[in-house]
Amino acid sequence: MADEAAFAAQRVFEPYLRDRGFVNGRWIEAQDGRRFEVTDPSSGRAIVSVPRMGAAETRAAIAAAEAALPGWRDSTAGARAKVLKRWAALMMERQEALATLLTTEQGKPMAESRAEIAYAASFLEWFAEEGKRAYGDVIPPHRADNRIVVTKEAIGVCAGITPWNFPCAMVTRKAAPALAAGCTMVLKPAEQTPLSALALCVIAEEAGLPPGVFNVITGDGEDAPLIGKELTSNPVVRKLGFTGSTEIGKLLMAQCAPTMKRISLELGGNAPFIVFDDADLDEAVAGALLCKYRNTGQTCISANRILVQSGIHDAFVERLAAAAGQLKVGNGLDPAVSIGPLIEPAGLAKVERHVANAIDNGARPVLGGKRHELGLTFFQPTVLVGVDPKMAMCCEETFGPVAGITSFATEDEAIAIANDTPYGLASYFYTRDLARSWRVGDKLQAGIIGINTGFISTEIAPFGGIKESGIGREGSRYGLDEFLAIKYRCIGGIA
Ligand code: SIN
């Protein structure tokens with residue numbers, strides 16, 4: 001039965017399945033012919049193998065992007081918008097096939113994969129339009145015979161390195177603003193999920209994207225440092241956009257320094273999710289459920305520390321555990337499933353370590369707490385109470401379906417706990433008090449604040465963090481600026 005479902009799924013995504021890299025409009029092998037397997041985390045089955053590329057292939061892709069740059073950059077924003085919009089429209093026409101491929105290589109439930117395809121297409125659509133509004137400025141001059149004009153231009157060849165948790169959306173969140181601005185790009189998708197990025201190339205080609213404008217190179221975990229080194233040290237590359245861990249982000253930032261590349265880094269988070277006594281309990285539980293268990297807890301903006309005020313604590317825990325207990329675990333291709341597998345054994349080991357550390361130090365599971373009987377990397381939806389802010393699960397991203405709940409007494413205490421982390425990506429809180437909603441929002445140290453909502457992702461708003469959660473913003477009009485260089489012209493002799 002499981003095999004039948006996998007074969008049926010493969011028939012759906014087969015037209016978009018590619019097993020080679022995409023450079024200069026051509027499907028290419030690694031120079032030495034080496035390959036690695038991409039597996040379905042729900043079954044452990046190999047889907048297909050793709051090339052193990054390295055520095056040489058990366059250099060070739062950068063050269064292709066450099067050659068394609070003048071033609072693409074010097075076209076109009078309107079012409080580029082037509083291609084990007086067609087790309088988005090074709091993605092939505094093929095939503096089911098792309099979502100099926102995404103679920104197969106990443107594991108998330110089909111409903112979430114469909115939503116991710118729409119989210120990914122939305123960046124293309126949004127930046128297609130926003131590229132037309134890369135306005136400059138005319139500044140009143142400092143001398144009567146001068147004129148001062150500011151223009152914005154494409155920064156040049158860009159590199160993107162994307163994670164496995166959103167294999168489509170993180171690609172277009174980088175490629176769409178780059179391409180809309182007139183840049184070209186070389187992208188390295190995560191080794192766990194290269195197939196969605198390659199499927200995007202199939203569709204980009206069909207949409208009329210010229211060769212060399214968007215290139216994808218594949219490599220496994222061992223190849224990543226070589227590819228990353230080339231992307232960050234090659235002087236032709238003028239900008240790097242990366243989503244991933246803070247540890248790797250710091251390394252890439254250091255590697256970009258000698259050639260002074262522009263960088264935007266969307267790194268780790270440790271989001272607090274605060275529920276005040278005056279919150280709407282139903283809304284807070286629904287928000288926590290979504291924010292914590294979406295993508296099996298594997299998002300950078302997932303609620304990592306759930307802080308609940310003492311007066312509402314027991315009722316919140318009871319309802320959250322009841323709701324999380326209803327979530328069906330399994331293969332994301334099954335429409336009834338809402339919790340898929342973790343991406344790989346290392347992820348499972350981390351979740352187990354966090355749960356064990358919490359229980360050893362006095363936390364108590366009110367739901368789950370163990371590997372799921374399905375085996376592989378499946379983990380039970382879990383709710384723990386009595387979690388202390390010093391426990392491992394409050395200091396590191398758990399990236400799993402585990403809600404650790406800490407009780408607090410006062411607003412000041414909640415804010416102090418929430419901010420006691422080197423990270424500052426997202427923070428959430430629930431309250432019905434208008435003054436508190438401003439006060440707490442002002443004091444929380446994060447780039448993104450969700451107030452009475454557990455879902456903040458949209459192409460129209462700036463996504464990104466402060467502190468060690470990163471630099472720069474993706475999405476929104478701010479996301480376009482990351483790919484534009486400012487040029488100021490001082491025109492003299494205007495008598
Ligand atoms: C992420 O986890 O990095 C992205 C999540 C999102 O955009 O919703």
- Message: Quick check for you: to the nearest 0.5 Å, what is the distance between E468 atom CD and I466 atom CD1?
- Response: 11.5 Å

- Measure the spacing between CZ of F123 and NZ of K174 and express it to the nearest 0.5 Å. 9.0 Å

- Item | M253 side chain near I471 side chain, heavy-atom distance below 4.5 Å | yes

- Message: Would you say that Q192 contacts V38 through its side chain, given a criterion of any heavy-atom pair below 4.5 Å between the two side chains?
- Response: no

- Note on the structure: Separation between CG (L187) and OG1 (T172), nearest 0.5 Å, reads 10.5 Å

- Taking the side chain as every heavy atom from C-beta outward, state whether M110 and T100 have any atom pair closer than 4.5 Å. yes

- Can you tell me how far the CZ atom of R238 sits from the CD1 atom of I263, to the nearest 0.5 Å? 12.0 Å

- Any side-chain donor paired with an acceptor under 3.5 Å for K261 and T259? yes

- Within-4.5 Å side-chain heavy-atom neighbours: P194 and E191: no

- Indicate, with yes or no, if the rings of W87 and F214 have centres closer together than 6.0 Å. yes

- Task: Only one of E459, R173, E112, R114 passes side-chain hydrogen bond (donor to acceptor under 3.5 Å, both in side chains) with Y119; say which it is.
- Result: R173

- Message: Does either side chain, that of S113 or that of T103, offer a donor lying less than 3.5 Å from an acceptor on the other one?
- Response: yes

- Hey, is E482 close enough to R473 for a salt bridge, meaning N to O under 4.0 Å? no

- Task: Taking atom types as modelled, find out whether K467 and Q445 have a side-chain donor-acceptor pair closer than 3.5 angstrom.
- Result: yes

- Tell me yes or no: between the side chains of T299 and N165, is some donor less than 3.5 Å from an acceptor? no

- Partner set under side chain to side chain contact (heavy atoms under 4.5 Å, CB included) for N234, not counting sequence neighbours: R59, I62, E230, V236, V237

- Task: Output yes when a side-chain donor or acceptor of K292 lies under 3.5 Å from a complementary backbone atom of V402, and no otherwise.
- Result: yes

- Message: Pair F276, F408 - check ring-ring contact (aromatic ring centres under 6.0 Å, His included), show working.
- Response: CA-CA 9 Å; F276 289 104; F408 68 89; 5.7 Å; yes

- Above 12 or not: heavy atoms from other molecules or residues under 6.0 Å from NZ of K82? no

- Residue pair P272 / Y428, side-chain heavy-atom distance below 4.5 Å: no

- Taking D19 for the side chain and V50 for the main chain, is one N or O donor matched with an acceptor at less than 3.5 Å? no

- Crowding at CZ, R439 (>12 non-hydrogen neighbours, <6.0 Å): yes

- Query: After noting the C-alpha distance and the side-chain angles of R94 and E206, does the key distance pass the salt bridge (Lys or Arg N to Asp or Glu O under 4.0 Å) rule?
  - Reply: CA-CA 12 Å; R94 322 283 157 77; E206 200 182 330; 2.9 Å; yes

- Would you say I148 and V138 make side-chain contact, with heavy atoms under 4.5 Å? no

- Closest heavy-atom pair, M185 versus A178, reported as atoms and distance to 0.1 Å, is CE-CB, 4.0 Å

- Do the side chains of K350 and F399 get nearer than 4.5 Å, heavy atoms only? no

- Output all residues satisfying salt bridge (charged side-chain N to carboxylate O under 4.0 Å, His left out) with R20, sequence neighbours left out; order by chain, then residue number. none

- Query: Are the side chain of T246 and the backbone N or O of G268 linked by a donor-acceptor pair below 3.5 Å?
  - Reply: yes

- Could you walk me through whether L124 and M91 pass side chain to side chain contact (heavy atoms under 4.5 Å, CB included), step by step? CA-CA 10 Å; L124 293 167; M91 279 180 69; 3.6 Å; yes

- Query: Is the backbone N or O of D220 less than 3.5 Å from a side-chain atom of D223, with the two atoms forming a donor-acceptor pair by type?
  - Reply: yes

- Item | For A403 against L320, the heavy-atom pair lying closest together | CB-CD2, 4.1 Å

- Task: Please report the shortest heavy-atom distance between A121 and A88, naming the atom on each side.
- Result: O-CB, 3.6 Å

- When the aromatic ring centroids of F273 and Y430 are compared, is their separation below 6.0 Å? yes

- Query: Are the side chain of T296 and the backbone N or O of G340 linked by a donor-acceptor pair below 3.5 Å?
  - Reply: yes

- Donor-acceptor pair, D280 side chain versus D282 backbone, under 3.5 Å? yes

- Message: Can you tell me how far apart CH2 (W27) and CZ (R18) are? Round to the nearest 0.5 Å.
- Response: 5.5 Å

- Report yes or no: does E105 contribute a side-chain atom to a donor-acceptor pair with the main-chain N or O of S196 at less than 3.5 Å? yes

- Task: Report the C-alpha distance between K229 and T58 in whole Å, list the side-chain angles of each, state the deciding distance to 0.1 Å, and finish with yes or no for side chain to side chain donor-acceptor pair (under 3.5 Å).
- Result: CA-CA 10 Å; K229 189 77 207 246; T58 308; over 6 Å; no

- Item | Min side-chain heavy-atom separation D278-R436 under 4.5 Å | yes

- Under 3.5 Å, side chain of S245 to main-chain N/O of I248, donor-acceptor pair present? yes

- Has the side chain of R80 got a donor or acceptor atom that lies under 3.5 Å from a matching backbone atom of A180? yes

- Message: Please check this pair: side chain of Q106 against backbone of K108, looking for a donor-acceptor N/O pair closer than 3.5 Å.
- Response: yes

- List the atom of C291, the atom of I301, and the distance in Å for their closest heavy-atom pair. SG-O, 3.8 Å

- Query: Quick one: do the N270 and N304 side chains pair a donor with an acceptor below 3.5 Å?
  - Reply: yes

- Item | Closest contact, heavy atoms only, G493 versus N146 | N-ND2, 4.3 Å

- Message: Using side chain to side chain contact (heavy atoms under 4.5 Å, CB included), reason through S264 and K239 one step at a time and then give a plain yes or no.
- Response: CA-CA 8 Å; S264 42; K239 146 102 198 187; 2.5 Å; yes

- Message: For the CE atom on M92, are there more than 12 heavy atoms of other groups (residues, nucleotides or ligands in this structure) within a distance under 6.0 Å?
- Response: yes

- Taking all non-hydrogen atoms of both residues into account, name the closest pair between I448 and P462 and its distance. CG1-O, 4.2 Å

- CD-CD1 distance between E93 and I117, expressed to the nearest 0.5 angstrom: 14.0 Å

- Item | Salt bridge flag under 4.0 Å for residues K152 and D481 | yes

- Task: Please check if atom CD1 in I486 has more than 12 non-hydrogen atoms from other residues, nucleotides or ligands closer than 6.0 Å.
- Result: no

- Are side-chain N/O atoms of K188 and T218 paired as donor and acceptor at under 3.5 Å? no

- List the steps and the verdict of side chain to side chain contact (heavy atoms under 4.5 Å, CB included) for W164 and Q298. CA-CA 9 Å; W164 49 261; Q298 302 170 112; 3.3 Å; yes

- Task: In sequence, state the C-alpha distance, the side-chain angles, and the governing distance for L231 and V186, and then conclude on side chain to side chain contact (heavy atoms under 4.5 Å, CB included).
- Result: CA-CA 8 Å; L231 290 174; V186 177; 3.9 Å; yes

- Within 6.0 angstrom of R133 CZ, more than 12 heavy atoms from elsewhere: yes

- Under a 4.0 Å N-O cut-off, is there an ion pair linking R477 with E129? no

